Every structure is written in structure tokens, then in C-alpha cells.
K.L.:
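One structure coming up, written as C-alpha cells, with questions to follow.
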Amino acid sequence: MATEELPSAAAAAAGGGGGEESTGFSFSIWPPTQRTRDAVVRRLVDTLGGDTILCKRYGAVPAADAEPAARAIEAEAFDAAAVSGAAAASVEEGIEALQLYSKEVSRRLLDFVKSRSAAAKAAAAPPSEGEAPAAASEGEAVEPQPAE
């Protein structure tokens with residue numbers, strides 16, 4: 001008798017009971033809640049300023065810069081995904097929008113650290129050999145040297 005009750009109890013729990021559809025529960029994956037979006041921002045801040053492969057390769061972002069950058073990255077990614085996921089009528093469409101959001105966050109994060117690294121390298125690099133003589137020749141043309 002106990003073995004007969006288990007399958008029916010499991011079927012009732014899985015199917016909402018006797019074939020009836022549950023109308024009290026609604027599941028929506030898109031748009032993500034503000035709590036989820038805030039968690040994404042916190043994770044981005046940790047990634048930008050922490051001991052990660054990204055920081056080892058491109059350099060860590062100071063904490064003062066990491067928070068606003070993370071918020072901007074998340075907001076831009078959300079806006080990009082919202083365009084396609086705004087009318088997510090089904091769970092499948094919501095999953096597609098969430099996947100796009102995730103890809104946009106990753107792409108924008110990588111673009112940010114790459115551009116920041118390139119800017120830091122450009123600022124730290126001395127002028128190339130081609131630039132120094134050109135500047136000297138311009139200086140000579142502007143201020144002629146006195147004749148001896």
C-alpha cells in the first residue's frame with residue numbers, strides 16, 4: 001500500500017495534482033530582479049579589482065574606479081539585452097534574453113579592461129623614434145639657430 005502512494009504523491013507534487021494547472025505561481029526569468037542586477041555589479045567589482053586572470057593580464061582597476069565602471073557595464077548590457085528581451089512572452093525567450101545579457105556583460109567587461117590597459121600603456125610609453133626628430137625639426141623651423 002505504501003508503494004502505491006509514493007508514485008501518486010510524486011505525480012501530484014510534480015504536476016500540481018491530478019492534471020490541474022497551478023495558477024498561483026508565475027515564473028519569469030526576464031527581466032532580472034534588481035537584486036540579481038546588484039549581484040552582477042558586485043561580481044564585476046570583484047572581478048575588476050580582485051586577484052583574477054583578467055587583472056593579471058590587463059591590470060587591476062582601483063576600487064574607486066571599479067564601482068562606477070561595473071555599474072556602467074551592467075547598465076549598458078541590460079539596455080542592450082532589454083531591446084531584444086522586452087517582449088519575452090515565454091520562458092524560452094526570457095532565457096535567450098538572459099543569455100544575451102550575460103554575453104553583453106562579458107563582452108563589455110573585456111572591452112573595458114582592454115581599453116584601460118591600452119590607454120595606460122600609451123600614457124607610459126616614451127615617444128617613438130619617428131616622433132622625436134619630427135618635433136625637433138619643427139622646433140628648428142620655428143626658431144632658427146643663430147649663425148656663428
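Predicted model only: the values in this text are computed from it and were never measured. All residue numbers refer to positions in the sequence shown, counting from 1.
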K.L.:
Hey, does the side chain of Glu93 reach the backbone of Ala89 with a donor-acceptor pair shorter than 3.5 angstrom?
P.N.:
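Yes, Glu93 side chain to Ala89 backbone: donor-acceptor pair under 3.5 Å.
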
K.L.:
Working to the nearest 0.5 Å, report the span between CD of Glu104 and CD1 of Ile73.
P.N.:
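Result: 11.5 Å between the selected atoms.
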
K.L.:
Check the pair Arg116, Asp65 against side-chain contact (heavy atoms from CB on, under 4.5 Å), reporting the backbone distance first and the verdict last.
P.N.:
CA-CA 11 Å; Arg116 184 178 172 87; Asp65 296 339; 3.5 Å; yes

K.L.:
Taking 4.0 angstrom as the limit, do Asp46 and Arg42 come out as a salt bridge?
P.N.:
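So Asp46 does not pair with Arg42 through a salt bridge.
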
K.L.:
Side chains of Asp38 and Thr33: does their closest heavy-atom pair fall under 4.5 Å?
P.N.:
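A side-chain contact is absent here, since even the closest heavy-atom pair is not under 4.5 Å.
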
K.L.:
Roughly how far, to the nearest 0.5 Å, is the CD1 atom of Ile29 from the CD atom of Gln99?
P.N.:
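Going from CD on Gln99 over to CD1 on Ile29, the span is 8.5 Å.
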
K.L.:
For the residue pair Gly50 and Cys55, what are the closest heavy atoms and their distance?
P.N.:
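Nearest heavy atoms, Gly50 then Cys55: O-SG, 3.2 Å.
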
K.L.:
Tell me if a side-chain donor or acceptor on Ser102 pairs with a main-chain N or O of Leu98 at a distance below 3.5 Å.
P.N.:
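No: the side chain of Ser102 does not pair with the backbone of Leu98.
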
K.L.:
What pairs of residues pass the ring-ring contact (aromatic ring centres under 6.0 Å, His included) test when at least one of them lies in residues 31-69, not counting sequence neighbours?
P.N.:
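Output for this query is empty, none listed.
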
K.L.:
At their closest point, which heavy atom of Ala97 faces which heavy atom of Ala81, and how far apart are they?
P.N.:
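It is O-CB, 3.8 Å.
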
K.L.:
Would Val45 and Leu110 show up in the same hydrophobic cluster when neighbours are defined by side-chain heavy atoms closer than 4.5 Å?
P.N.:
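Unlinked, Val45 and Leu110 end up in two clusters.
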
K.L.:
Should Val41 and Phe112 be regarded as members of a common hydrophobic cluster, given that ILVMFWY residues are connected when their side-chain heavy atoms come within less than 4.5 Å of each other, either directly or indirectly?
P.N.:
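Unlinked, Val41 and Phe112 end up in two clusters.
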
K.L.:
Can you tell if the side chain of Glu76 reaches within under 4.5 Å of the side chain of Val105, non-hydrogen atoms only?
P.N.:
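No - every pair of side-chain heavy atoms lies 4.5 Å or more apart.
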
K.L.:
Closer than 4.0 angstrom, basic N to acidic O: yes or no for Arg71 and Glu74?
P.N.:
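So Arg71 does not pair with Glu74 through a salt bridge.
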
K.L.:
Just by modelled atom types, is the Pro32 backbone N or O under 3.5 Å from a matching donor or acceptor in the Thr36 side chain?
P.N.:
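Here the side-chain-to-backbone pair does not exist.
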
K.L.:
Which residues pass the ring pair (Phe, Tyr, Trp, His ring centres under 6.0 Å) test with Phe78, not counting sequence neighbours?
P.N.:
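Scan of Phe78 (ring pair (Phe, Tyr, Trp, His ring centres under 6.0 Å), adjacent residues dropped) gives Trp30.
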
K.L.:
Is the shortest side-chain heavy-atom distance between Tyr101 and Glu96 below 4.5 Å?
P.N.:
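No, their side chains stay 4.5 Å or more apart.
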
K.L.:
Verify the neighbour count for atom CZ of Arg43: are there more than 12 heavy atoms of other residues, nucleotides or ligands below 6.0 Å?
P.N.:
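For Arg43, atom CZ is not crowded (no more than 12 foreign heavy atoms under 6.0 Å).
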
K.L.:
Nearest 0.5 Å, please: how far is CG in Leu109 from CG in Leu48?
P.N.:
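Separation between the atoms: 5.5 Å.
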
